[in-house]
Peer 1: 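I'd like to ask some things about the structure below.
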Amino acid sequence: MEARDNGALKEAKDKLEKRVEELTWRLDVEKHLRVDLEVAKGQEITKLQSALQEMQEKLEQAHAAIINEKEAAKLAIEQAPPKIVEVPVVDNAKVELLTSQNEELETELGTFRTKAEDLEKKLFEIQKQSDELSREAQERDSKINELQEMIARLETNLSNMESENHVLRQQSLLASADDDNKTKQIESLESKIAILESENQVLCSNPAPAVQAVVNPEVIQPSVMKNSHQVLENGHQLGEPKMEEVVVPPIKNLSKQQSLTDRQQENHDILIKSLAEDRRYDNRRPAAACIVYKSLLHWHSFEAEKTNIFDRIIHTIRSSVENAESSGELAYWLSTTSTLLYLLQNTLKASSSSTKVPNRSRTATGNLFNRMVQNARSSSSGLGISNGYSGMVGRADTTSMIEAKYPAVRFKQQLTAYVEKIYGTMRDSLKREISAILTLCIQAPRAGRVRASRGSLKSIHSSALSRQASSVHWQNIVKCLNHTLETMNNNYVPPMIIRKTFSQVFAFMNVQLFNSLLLRRECCSFSNGEFLKAGLQELEQWCSRTTEEYAGTSWDELQHIRQAVGFLVLHQKSHKTLEEITDELCPVLSISQIYRIGTMFWDDKYGAQGLSQEVIGNMRTMTTDDSITTPNSSFLLDDDSSIPISLDDIARLMLDINPTDVEPPPLLRQNSQFHFLLQQHTD
C-alpha cells in the first residue's frame with residue numbers, strides 16, 4: 001500500500017512539475033510579448049511626440065505671422081490720410097415723386113412686356129400657319145402637276161389603246177399574212193401600170209411638158225398614178241407619193257427611174273436576205289435589228305409616202321416566227337423585234353402629212369388613222385435620236401426626230417403586234433409545260449397522308465419515298481423556269497420582258513393551285529398543306545437566286561396560294577377569331593374563299609378540329625350577304641392572258657445601243673451599195 005501510495009504521489013508530483021514547467025513557459029512567452037508591445041508603444045509614442053513638436057512649431061510660426069500682419073495693418077491705418085465723406089441732403093418730396101413715377105413706369109413696362117409676349121406668340125402662330133399653308137400649297141402644286149402628267153399619260157394610253165390595239169394591230173397582222181407571190185404580183189402590176197400611164201401622159205403632153213418626178217430615191221414612183229386605181233398591198237391601200245415638179249426630158253426620166261427602182265429592189269432583196277440569215281449578236285445586241293434600222297435611215301424609208309420594204313421585213317419576221325422549231329429561235333426574234341421597236345420608238349414621230357392616206361383608204365380608216373397618228377405623235381413627243389441618224393439612241397428633243405409617214409407608222413404598229421405575239425407564244429408555251437407538271441403537284445401522294453399514330457417502319461419508309469418523288473415534280477417546274485431564263489438571257493431579251501413573263505407565269509400557277517384547293521376537298525388537308533408549302537419554298541428559293549432583275553414581283557403573284565397554305569398548316573384553328581384570320585392570316589382572300597377552305601378542311605395527320613362554329617356561322621352570314629349584293633361574283637380566280645407590254649414600256653427600256661458600232665455581215669460588206677454601214681462603223 002505504501003509503495004502504491006508512493007507511486008501515486010510520484011505520478012502526481014511529475015504531473016505538477018510538468019504543469020509548472022508549462023505555466024513557466026507560458027509566463028515567459030507573455031513576458032516577451034509584453035516587452036515587444038512596450039517597445040512598439042515606446043516607438044509609437046516617440047513618433048507622436050515628434051509630430052506634436054512639429055505641429056507646435058508650425059502653430060507658433062502661424063501666431064507670429066498673424067501678429068506681424070496685425071502690426072503691419074495698424075501701421076498702414078495710422079499712416080493712411082483721413083477720408084472725408086460727403087453726406088447729401090435728401091429731398092424727401094422729390095424722392096417720393098420719383099419713386100411713384102418709377103413704379104408707374106414699371107407697371108407700364110410690365111404691360112408692354114405682356115403685350116409684346118402676346119404679339120410674339122401670335123406672330124409665331126401666324127408664321128407657323130403660313131409655313132403650313134405654303135407647304136400645303138407646294139404639295140398641292142406637286143400633286144396637281146402629277147395629276148396633270150397622269151391625265152396626259154392616261155389620255156395618250158387610252159387613245160393608243162382605242163386606235164392602235166383594237167384595229168390597227170389586227171389589221172396589220174391580217175395585212176402581213178399575204179404570201180410572197182401576191183406581193184410580187186402586186187409589185188409587177190404596180191410597175192406596169194406606172195410605166196403605161198407614164199407613157200400615155202408623155203404622148204398626150206405638149207412638146208415641152210413638165211414631167212413630175214420624185215425627189216426621194218426611196219419613193220421613186222410614176223407621177224401619173226393620180227388618175228389610176230390605187231393598188232392594194234397586203235390588205236391596205238398605198239398612199240400617193242410626195243411629188244415635186246421638175247422639168248426633165250420624158251424618155252430619159254423614165255429610164256433613169258426604172259434603173260433606180262431596179263437598184264432599190266436589189267438593195268431590198270439583199271437586206272431581207274441578211275435579216276433572215278444573219279442571226280448573230282454584236283456586244284449583246286441583235287446585229288440584224290441595228291443593220292435594218294441603219295439601212296432604213298440611210299434610205300429615208302421612214303419619210304417615204306409609199307414603199308414595200310416594211311411589208312417585206314414584216315413578212316420575213318412572220319415566216320421565221322411561224323417556222324421556228326425551238327424556243328431559242330422565238331427568243332431571238334423577240335430580242336430582235338423589241339430592239340428594232342425600241343429604236344423606232346426613240347426615232348420616229350408622226351407628221352401632219354402622215355394622216356393623208358389615199359382617197360379610198362380614207363373612206364375605210366380615215367378618222368381612226370388620224371387619231372392613231374395624233375396619239376403616236378403625242379406618245380413619242382419626248383423621244384428622239386441624237387446627232388441625226390447616228391449615235392446612241394436615247395431621249396432627245398423632238399426637233400431631232402424623223403417625221404414618219406403612213407407606211408413607217410404602220411410598220412411600227414405591225415412590229416409592236418409581233419413583239420406581243422412572240423411574247424404571248426413563249427409565255428403560253430411555258431404555261432403549257434408547267435401546267436402538265438402542276439397536276440402532279442396539287443395533291444400530296446397517298447402514302448404521305450397516313451396518320452402519325454398508325455405509322456410503322458414500312459409506312460415511314462414509303463412516306464419518305466413518296467415525299468422524295470413528289471419533290472421531283474416541283475424541281476421539274478424549277479427546271480422549266482431555269483431553261484426559259486437561260487434561253488432568254490442567251491438571246492439578250494430585255495430584262496423588262498423577262499420579268500413580265502415570269503410574273504404572268506407565276507400568276508398562272510397561283511390561279512391553278514388556288515382553284516384546285518377550292519374545288520377538291522381532298523386537297524384541303526393538313527398533310528397536303530405541308531406538301532404545297534414545301535413546293536412553294538422551292539419557288540421562293542428560285543426567286544431569290546434569280547434576283548429581282550429577272551424575277552421581279554413573281555413571288556408576290558403567289559399570295560393567294562401562300563395564304564391558303566398557311567391556313568391549312570395552322571395549328572389550333574379553333575382558337576382563331578374571324579378578325580385574326582381576315583386581317584393577319586389571309587388578308588388577300590375574300591370571305592367566301594376563306595369560308596370555302598375552312599368548311600372543306602380536314603386534319604388527316606393529327607385529327608385536330610378546324611374553325612370554331614361561331615367563326616363559320618359569321619362567315620356563312622357574310623357570304624350570303626355578299627351573294628345577294630353581288631350575285632355574279634365567284635370565289636375562283638381568273639387567269640390574266642393579256643399582253644402587259646406597251647410602247648411606253650418599250651420606250652423606257654433604256655437599252656445601251658449604238659447602231660453605228662455594229663459590224664455588218666460579209667454579205668453586206670462585199671456590196672458597194674451598203675458601204676455606208678462600213679463608213680458609219682469606222683466613224
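Only this structure's heavy atoms are used, side chains among them; waters, hydrogens and symmetry mates stay out. Since the structure is predicted, the reported quantities are computational estimates derived from the model, not experimental observations.
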Peer 1: Looking at every non-hydrogen atom in both residues, tell me the closest pair between Ala551 and Thr546 and how far apart they are.
Peer 2: N-CG2, 4.0 Å

Peer 1: About how many Å separate OG1 of Thr316 and CD of Glu277, when rounded to the nearest 0.5 Å?
Peer 2: 11.0 Å

Peer 1: Between Val493 and Thr487, is a side-chain contact (heavy atoms from CB on, under 4.5 Å) present by the stated rule, with each step listed?
Peer 2: CA-CA 9 Å; Val493 177; Thr487 301; over 6 Å; no

Peer 1: Go through the steps to decide whether Cys480 and Ile437 satisfy the test side-chain contact (heavy atoms from CB on, under 4.5 Å), and finish with yes or no.
Peer 2: CA-CA 10 Å; Cys480 292; Ile437 307 173; 4.0 Å; yes

Peer 1: Once you round to the nearest 0.5 Å, how far does CG of Asp311 lie from CD of Gln414?
Peer 2: 5.5 Å

Peer 1: Indicate yes or no: at least one non-hydrogen side-chain atom of Thr416 is less than 4.5 angstrom from one of Leu647.
Peer 2: yes

Peer 1: Using distance alone, with no hydrogens and no angle criterion, decide if His315 and Arg318 have a side-chain donor and acceptor under 3.5 Å apart.
Peer 2: yes

Peer 1: Donor-acceptor pair, Thr336 side chain versus Pro286 backbone, under 3.5 Å?
Peer 2: no

Peer 1: Compare every heavy atom of Tyr342 with every heavy atom of Ile650, then report the nearest pair and how far apart it is.
Peer 2: O-CD1, 3.1 Å

Peer 1: Ignoring hydrogens and angles, tell me if any N or O in the side chain of Ser335 forms a donor-acceptor pair with the backbone of Ala331 under 3.5 Å.
Peer 2: no

Peer 1: Compare every heavy atom of Ser554 with every heavy atom of Cys543, then report the nearest pair and how far apart it is.
Peer 2: SG-CB, 4.2 Å

Peer 1: Between Trp299 and His268, does a side-chain contact (heavy atoms from CB on, under 4.5 Å) hold up when you go through it step by step?
Peer 2: CA-CA 10 Å; Trp299 294 336; His268 290 181; 3.7 Å; yes

Peer 1: For Ser642, does its backbone N or O pair with a side-chain atom of Gln504 as donor and acceptor, under 3.5 Å?
Peer 2: yes

Peer 1: Between Ser295 (side chain only) and Ile291 (backbone N and O only), is there a donor and an acceptor less than 3.5 Å apart?
Peer 2: yes

Peer 1: With the side chain counted from C-beta on, respond yes when Glu486 and Asn490 share a heavy-atom pair under 4.5 Å apart, and no when they do not.
Peer 2: yes

Peer 1: Is there a side-chain contact (heavy atoms from CB on, under 4.5 Å) between Phe302 and Leu344 once you walk through the steps?
Peer 2: CA-CA 10 Å; Phe302 300 124; Leu344 296 182; 3.3 Å; yes

Peer 1: Looking at side-chain heavy atoms only, is the closest gap between Arg279 and Ser320 below 4.5 Å?
Peer 2: yes

Peer 1: Any side-chain heavy atom of Phe508 sitting closer than 4.5 Å to one from Leu430?
Peer 2: no

Peer 1: Side chain of Arg427, backbone of Val505: donor and acceptor closer than 3.5 Å?
Peer 2: no

Peer 1: What class does the angle between the rings of Tyr332 and Tyr281 fall in, given that below 30° is parallel, 30 to 60° is tilted and above 60° is perpendicular?
Peer 2: perpendicular

Peer 1: In terms of heavy-atom contacts, does CD of Glu322 have more than 12 from other residues, nucleotides or ligands at under 6.0 Å?
Peer 2: yes

Peer 1: On a heavy-atom basis, which atom in Lys431 and which in Asp639 lie closest, and how many Å separate them?
Peer 2: NZ-OD2, 3.2 Å

Peer 1: So which heavy atom on Ile643 is nearest to which on Gly424, and how close?
Peer 2: CD1-CA, 4.1 Å

Peer 1: Once rounded to the nearest 0.5 Å, what's the spacing between atom CD1 of Ile314 and atom CZ of Arg312?
Peer 2: 13.5 Å

Peer 1: Starting at CD1 of Ile645, measure out to CG of Leu341 and round the result to the nearest 0.5 Å.
Peer 2: 10.0 Å

Peer 1: Return yes if a side-chain donor-acceptor contact under 3.5 Å exists between Asp648 and Ser646, otherwise no.
Peer 2: no

Peer 1: Do the non-hydrogen side-chain atoms of Asp640 and Val511 ever get within less than 4.5 Å of each other?
Peer 2: no

Peer 1: Out of curiosity, Ile498 CD1 to Met488 CE, how far, rounded to the nearest 0.5 Å?
Peer 2: 6.0 Å

Peer 1: Find the distance between CE (Met426) and NZ (Lys421) and round it off to the nearest 0.5 Å.
Peer 2: 14.5 Å

Peer 1: Is Asp278 reaching over with its side chain to a backbone N or O of Ser274, donor-acceptor style, under 3.5 angstrom?
Peer 2: no

Peer 1: Can you tell me how the ring of Trp542 sits relative to the ring of Phe506, calling it parallel under 30°, perpendicular over 60° and tilted otherwise?
Peer 2: parallel

Peer 1: Any side-chain heavy-atom pair from Val292 and Leu271 closer than 4.5 angstrom?
Peer 2: yes

Peer 1: Can you confirm whether Ile497 sits close enough to Ser338 that some side-chain heavy atom of one is under 4.5 Å from a side-chain heavy atom of the other?
Peer 2: yes

Peer 1: Got Thr339 and Tyr492 here, is their nearest side-chain heavy-atom distance under 4.5 Å?
Peer 2: no

Peer 1: Looking only at heavy atoms, what is the nearest atom pair of Ala289 and Leu343, with distance?
Peer 2: O-CD1, 4.2 Å

Peer 1: Answer yes or no: is there a donor N or O on one side and an acceptor on the other, between the side chain of Tyr423 and the main chain of Lys500, under 3.5 Å?
Peer 2: yes

Peer 1: With distance as the sole criterion, is a donor-acceptor pair present between the side chains of Tyr293 and Thr347 under 3.5 Å?
Peer 2: yes

